[in-house]
Amino acid sequence: MMGSSFETVALYALLAINVFAFLLFVWDLLPFGRGRFEVSERLVLMVAWCGGAVGALVGHRLLQAGHGTRRFRLMLYMLVAAHMLAFAAWYGLQGLGGQLGRWLGI
């Protein structure tokens with residue numbers, strides 16, 4: 001069970017940005033999306049940096065999209081790792097009874 005409304009809103013926002021990141025890959029594969037708006041690696045990485053790294057990784061791996069440069073994949077995996085560590089740290093601080101989180105002002 002989630003403790004506060006902030007956590008609930010934050011989790012829904014993370015879910016929404018990850019779904020959006022996944023849909024960028026879907027859009028890139030659809031025939032009507034190719035001529036009008038091509039999804040660049042820069043855009044995908046920007047959305048991934050904002051919290052959609054897992055959705056971008058799932059879209060990249062599942063749909064096998066054309067975004068496949070070595071640098072792009074490395075950046076995407078690094079963002080996923082960073083977001084997972086941040087998420088674990090956040091809930092780790094909360095799991096310490098919130099004391100450490102209160103000291104840090106989190």
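All values reported here derive from a predicted model rather than from experimental measurement.
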Look up atom OH in Y77 and atom CZ in F72, then write down how far apart they are to the nearest 0.5 Å. 10.0 Å
V58 with V26, same ILVMFWY side-chain cluster at under 4.5 Å: yes
Looking at A21 and V47, what are the two nearest heavy atoms and their distance? CB-CG1, 3.8 Å
Once you round to the nearest 0.5 Å, how far does CG of L57 lie from NE2 of H83? 12.0 Å
Please determine whether residues L15 and V80 belong to a single hydrophobic cluster, defined as Ile, Leu, Val, Met, Phe, Trp and Tyr linked transitively by side-chain heavy-atom distances below 4.5 Å. yes
Roughly how far, to the nearest 0.5 Å, is the CG atom of L45 from the CE atom of M78? 10.5 Å
If I take atom SG from residue C50 and atom CG from residue L14, how far apart are they, to the nearest 0.5 angstrom? 11.0 Å
Checking side-chain contact (heavy atoms from CB on, under 4.5 Å) for the pair V39/F25: CA distance, chi angles, key distance, verdict? CA-CA 8 Å; V39 179; F25 285 98; over 6 Å; no
Evaluate F87 against L11 for side-chain contact (heavy atoms from CB on, under 4.5 Å), listing each step before the verdict. CA-CA 10 Å; F87 191 74; L11 286 176; 3.8 Å; yes
Gap between atom CG of L63 and atom CG of L24 - 0.5 Å precision: 11.5 Å
Would M84 and L76 show up in the same hydrophobic cluster when neighbours are defined by side-chain heavy atoms closer than 4.5 Å? yes
Closest contact, heavy atoms only, A48 versus A56: CB-CB, 4.3 Å
What one should report as the nearest heavy-atom pair of A53 and N18 is N-OD1, 3.7 Å
Spacing of M75 atom CE and E41 atom CD [to the nearest 0.5 Å]: 11.0 Å
